[in-house]
Amino acid sequence: AISIQSDGKVILGGTFTDYQDESANRIIRLNNDGSRDYSFTVGTGFSNANDGTSVGGTGSVQATLIQSDGRVIVIGPFSRYQGMAVNGIVRINNDGSKDASFDTGKGFDGDIYATAIQSDGKVIVGGEFLAYQGESANRIVRINSDGSKDTSFDMGLGFNARPTSIAIQEDGKVIVGGQFSTYQGESVNRIVRLNSDGSRDTSFDIGTGITPASGGWGWFPTAITTIEIQDDQKIVIGGNFAHYKGEPANRIIRLNSDGSRDSSFDVGAGFSNWVYTTSIQEDGKVIVGGWFTSYQDNPAGYLIRLQN
């Protein structure tokens with residue numbers, strides 16, 4: 001996980017335990033020159049109690065979200081920060097200390113796979129959990145700035161399988177992609193757009209949605225793993241899939257804001273294997289990373305940049 005502050009300093013999270021041969025347990029802040037920012041004190045950092053009551057994993061950091069006030073929301077399969085219970089989510093002050101005003105209570109009862117922060121500071125989280133703070137939250141929840149569950153975001157039955165990517169539009173609507181095939185009991189094959197109250201936005205027409213080639217893709221299921229929204233509000237999605245609305249779309253596609261396919265973004269034969277991550281440059285070009293070794297039948301070893 002990498003996030004860049006407004007002053008150019010970099011918050012870095014992951015599975016590491018040291019940086020430049022000094023202890024840095026799963027999170028660190030770096031200065032512009034790559035040196036460690038010692039004003040950001042993480043102490044013992046993140047860990048997992050492995051006591052049977054916490055989410056699984058090794059205590060790693062999966063996502064970091066920087067708020068407008070500089071505080072950092074950290075999410076991942078951990079149960080402790082600086083020795084204090086923080087089950088899957090915590091907010092850290094600018095000096096690295098735990099923000100006690102962000103009360104997550106029992107936290108999550110399962111792993112987190114996707115997260116996004118709204119302009120008002122509320123955080124949307126998706127994953128393989130069924131509860132947050134002991135209350136029902138079927139694989140998706142919105143959290144208020146104080147850490148409480150936002151009950152105005154009504155997910156109802158939620159998803160039948162894990163979301164793995166979340167993106168928020170300028171109008172506040174939320175695009176969610178993942179391994180799921182239903183939301184609130186309705187068919188939404190791997191992608192859906194939600195209104196700000198958690199209801200399904202039916203104006204986003206996905207038809208049959210995302211589907212695999214015959215026989216699927218082996219051990220990794222059909223899923224959307226990355227969503228990026230362009231300045232023009234077109235939507236780039238990538239993952240492990242072969243079709244969108246029954247037409248070929250080999251692991252990457254761009255959609256218009258109504259859910260229709262943007263035919264001007266011609267991926268041809270697409271990628272040879274799973275697309276894991278995407279990022280859009282200021283000029284609109286798309287950087288793509290994943291397990292692929294070719295794009296449009298030409299060599300492309302795990303990283304490529306596409307024209308807009």
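All of these numbers come straight from a predicted model, not from anything done at the bench.
Around atom CD of Gln307, no more than 12 heavy atoms belonging to other residues, nucleotides or ligands sit under 6.0 Å away.
Side-chain contact check for Ile27 versus Val74: some heavy-atom pair is nearer than 4.5 Å. Proximity of Val141 to Lys149: side-chain heavy atoms (C-beta onward) are separated by under 4.5 Å at one or more points. Contact annotation: the side chain of Ile4 never approaches that of Lys9 to less than 4.5 Å [non-hydrogen atoms, C-beta and beyond]. Using a 4.5 Å heavy-atom cutoff, the side chains of Arg71 and Ser101 are in contact. The side-chain heavy atoms of Ile143 and Tyr132, taken from C-beta on, include a pair separated by under 4.5 Å. Side-chain atoms of Phe108 and Ile89, non-hydrogen and from C-beta on, do get closer than 4.5 Å to each other. Counting heavy atoms from C-beta outward, Val188 and Ile206 have side chains that approach closer than 4.5 Å.
We find the CG-CG distance between Asn32 and Asp7 to be 7.0 Å, quoted to the nearest 0.5 Å.
The ring pair (Phe, Tyr, Trp, His ring centres under 6.0 Å) test applied to Tyr81 returns Phe46, not counting sequence neighbours. In this structure Phe40 satisfies the ring pair (Phe, Tyr, Trp, His ring centres under 6.0 Å) test with no other residue, sequence neighbours excluded. In this view, Phe159 and Phe180, Tyr183 satisfy the ring pair (Phe, Tyr, Trp, His ring centres under 6.0 Å) rule, not counting sequence neighbours. Here Arg261 pairs with nothing under the side-chain hydrogen bond (donor to acceptor under 3.5 Å, both in side chains) rule; sequence neighbours left out. Listed by chain and number, the residues in a salt bridge (charged side-chain N to carboxylate O under 4.0 Å, His left out) with Asp103 amount to none (sequence neighbours excluded). Residues passing the ring pair (Phe, Tyr, Trp, His ring centres under 6.0 Å) test with Phe204: none are found, sequence neighbours excluded.
Residues Ile280 and Ile227 do not share a hydrophobic cluster, defined by chaining ILVMFWY side chains whose heavy atoms lie under 4.5 Å apart. In this structure, Val275 is not a member of the same hydrophobic cluster as Ile237, with clusters built from ILVMFWY side-chain heavy atoms closer than 4.5 Å. Placement of Val174 and Ile140 within a single hydrophobic cluster is found when ILVMFWY residues are connected by side-chain heavy-atom separations under 4.5 Å, directly or transitively.
Contact between Leu194 and Phe153 at its shortest, heavy atoms only, is CD1-CZ, 3.9 Å. The two atoms that bring Leu130 and Arg139 nearest to each other are CD2-NH1, 4.1 Å, heavy atoms only.
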Problem - Stepwise side chain to side chain donor-acceptor pair (under 3.5 Å) test for Arg29 and Asn94 - result: CA-CA 10 Å; Arg29 187 167 67 197; Asn94 194 48; 3.0 Å; yes
Exercise for the section: Evaluate the side-chain contact (heavy atoms from CB on, under 4.5 Å) criterion for residues Thr115 and Ile124: first the C-alpha distance (whole Å), next the side-chain angles of each, then the deciding distance (0.1 Å), finally the verdict. Expected result: CA-CA 6 Å; Thr115 184; Ile124 299 176; over 6 Å; no
Practice task
Show your reasoning for whether side chain to side chain donor-acceptor pair (under 3.5 Å) applies to Tyr113 and Gln179.
Solution key: CA-CA 11 Å; Tyr113 289 90; Gln179 297 176 8; over 6 Å; no
Exercise for the section: For the pair Asn25 and Phe16, evaluate side-chain contact (heavy atoms from CB on, under 4.5 Å) and give the outcome as yes or no after the intermediate values. Expected result: CA-CA 6 Å; Asn25 209 11; Phe16 55 84; over 6 Å; no
Exercise for the section: Apply the test side chain to side chain donor-acceptor pair (under 3.5 Å) to residues Ser3 and Thr64: give CA-CA distance (whole Å), side-chain angles for both, the deciding distance (0.1 Å), then the verdict. Expected result: CA-CA 6 Å; Ser3 296; Thr64 54; 2.8 Å; yes
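Applying side-chain contact (heavy atoms from CB on, under 4.5 Å) to Phe271 and the options Ile304, Asn250, Asn240 leaves one that passes, Ile304.
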